[in-house]
Amino acid sequence: MSVNRAIGWELEGMPRIVRGAGSYLYDAAGKRYLDGSGGPAAFCLGHGHPEVNAAISAQLAQVACGYRYLYTSEPLEQLTELMLRKCGPTFGQIVFASSGSEAMEGTMKVALQYWDACGRGSKRRFISRERSYHGSTLGALSLSGFAERRRPFERSLLDVSFVSAANVYRPPAGLTAAGLADALAAELDERIRALGPENVAAFVFEPVVGAAGGVVPAPPGYAEAVREVCSRHEVLLIADEVMCGSGRCGTWLALEHDGVVADIVAVAKGLAGGYIPLAATIFSRNIAATIAQAHGSVLTGHTFSGHTAACAAGLAVQRIIERDQLLERVRTRGTQLRSELAEALRGIESVGDIRGRGYFIGIELVQDRASKAPFPEQRGLSQQIAARAFADGLICFPCAGNAGGGLGDALIIAPPYNASDAELAELIEKLTRAIKHTM
Ligand SMILES: Cc1ncc(COP(=O)(O)O)c(C=O)c1O
């Protein structure tokens, strides 16, 4: 029996998917599943959206892909214009990719090329955070504070320096939520000094941690404080918004909520909503101009960067989100959804924390609310709950190891932005049942 240990499913026992419509998926046996996590927080407009499908079909009828070294295209140009408008005036250039990992490789390469273009080629080191995930390619994995996923590849990864995670529920020993942002900014400041600012290219962080933490928004003031530290030491700030960006948190970039602008950003999952793989590295006008002047062009990208049909999918998804004012809904309905979940789960002693922003919600499970002691790793609690929910026709995303040392269980809820109130109510009901019946 082959087992996908990353998420604990048995491949041979998996149902065969045949159809998706709105917030629901259907398998070959006719069973219906409510997609309560948009898969891995990706399917932001649900499945089978007729307008997105029509835009892709229309593009395919014209041409699937104009190779990036020979052609531009209307979808590529219009999507670039839309995204730069959403990101604000600091940003000036985008390199498209097909996955979050590629987009994160892009952030690293743009940072390194920028410092080289500045004549400051000693700035090669990256600082990242514990309990973070930035992708499965070797560069992006090097940035990831995710021991379980790194272990087989250790000694071939880049020498990245790690600072503490910004987790209010599980702050580093000796710290409380109140002083967390300042203490962690001081830690970053010390680390940059220890490595030598002349050696540090960038600090990389997820504004809201996804799979590695079970949705962990940084405390108020954290993003602002690390921005200040980075600017003071001339270290670039890279925001990994692969999971939390593209509107998932109710603002197009998650960092908008913090009033902070990064130098380089990666977006992916919700960009084209999973209709066709699409991701992007977005960087500032200053970086773009400096590289252009010194080297002519940015030396990163792939065969399918800016793939025409993928850009048509992204453009259609983003236009629908704008037209239907879905980010307003995600913001307001997201807060309500968190309180409704808290109400429904109130009596379950093992629900330790419910947190998040917009339609990006994490539920952490603990043995004891007061001590926050996690369940034993062998129990595989989050996977058991997700499997029970799946059997009952609900998809949620299980996370393990978020408490460190392989311990910790959390579930991610990330419904499509256009899910109806009735679908959100079904999500709460089925999730509550799955948690109750697994405990
Ligand atoms: C924050 C973050 N960065 C990067 C990645 C890598 O993206 P992909 O799996 O599309 O390569 C992920 C994937 O889950 C992610 O959550």
Side-chain angles (χ1 to χ4, degrees), residues 4 6-7 37-44 95-110 126 128-146 148-150 153 157-158 160 162 165-167 202-218 223 237-249 253-255 262 264-282 300 302 304-305 307 310 313-314 356-362 395-402 410-414:
N4 181 345
I7 51 172
S37 62
F43 309 126
C44 60
V95 175
F96 285 97
S98 307
S99 71
S101 301
E102 286 178 3
M104 283 307 296
E105 295 289 331
T107 67
M108 299 174 82
K109 289 182 72 187
V110 166
F126 291 92
S128 183
R129 300 191 311 188
E130 287 151 16
R131 298 309 318 161
S132 61
Y133 182 60
H134 298 290
S136 69
T137 48
L138 285 176
L141 187 62
S142 301
L143 296 175
S144 304
F146 204 131
E148 302 79 1
R149 293 187 186 180
R150 291 173 62 101
F153 311 101
L157 300 175
L158 297 177
V160 170
F162 288 89
N167 186 335
F203 170 60
V204 182
F205 80 123
E206 292 170 79
V208 180
V209 179
V215 183
V216 184
L237 183 65
I238 297 178
D240 179 350
E241 299 218 2
V242 165
M243 207 168 194
C244 63
S246 315
R248 176 53 61 197
C249 292
L253 289 179
L255 270 184
I264 311 176
V265 181
V267 294
K269 295 179 191 279
L271 182 57
Y275 281 83
I276 298 189
L278 185 65
T281 303
I282 312 165
T300 190
H302 307 267
F304 296 130
S305 291
H307 186 282
R357 277 189 208 161
Y359 276 8
F360 199 29
I361 300 175
I395 298 166
C396 60
F397 188 97
C399 304
N402 55 292
L411 300 161
I412 295 181
I413 298 303

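Note that these values count all heavy atoms, side chains included, but never hydrogens, waters or copies made by symmetry. In listed order, ligands and their atoms are each counted from 1.
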Around atom CG of L158, are there more than 12 heavy atoms from other residues, nucleotides or ligands closer than 6.0 Å? yes
Tightest non-hydrogen contact, residues A280 and F96, listed as CB-CD2, 3.9 Å
Can you name the closest pair of heavy atoms from G362 and V215 and give their distance? N-CB, 3.6 Å
Classify the ring geometry between F304 and H307 as parallel (under 30°), tilted (30 to 60°) or perpendicular (over 60°). perpendicular
The criterion is side-chain hydrogen bond (donor to acceptor under 3.5 Å, both in side chains); which residues satisfy it with S136, sequence neighbours excluded? none
Taking a 3.5 Å cut-off between nitrogen or oxygen atoms, can you list every pair linking ligand 1 to the protein, with distances?
| residue | atom | partner | partner atom | Å |
| --- | --- | --- | --- | --- |
| ligand 1 | 3 (N) | Y133 | O | 3.4 |
| ligand 1 | 3 (N) | D240 | OD1 | 3.3 |
| ligand 1 | 3 (N) | D240 | OD2 | 2.7 |
| ligand 1 | 7 (O) | S101 | N | 3.4 |
| ligand 1 | 10 (O) | G100 | N | 2.8 |
| ligand 1 | 11 (O) | G100 | N | 3.4 |
| ligand 1 | 11 (O) | S101 | N | 2.8 |
| ligand 1 | 11 (O) | S101 | OG | 2.6 |
| ligand 1 | 14 (O) | K269 | NZ | 2.9 |

Can you find a heavy atom in the side chain of L157 that is under 4.5 Å from one in the side chain of R150? yes
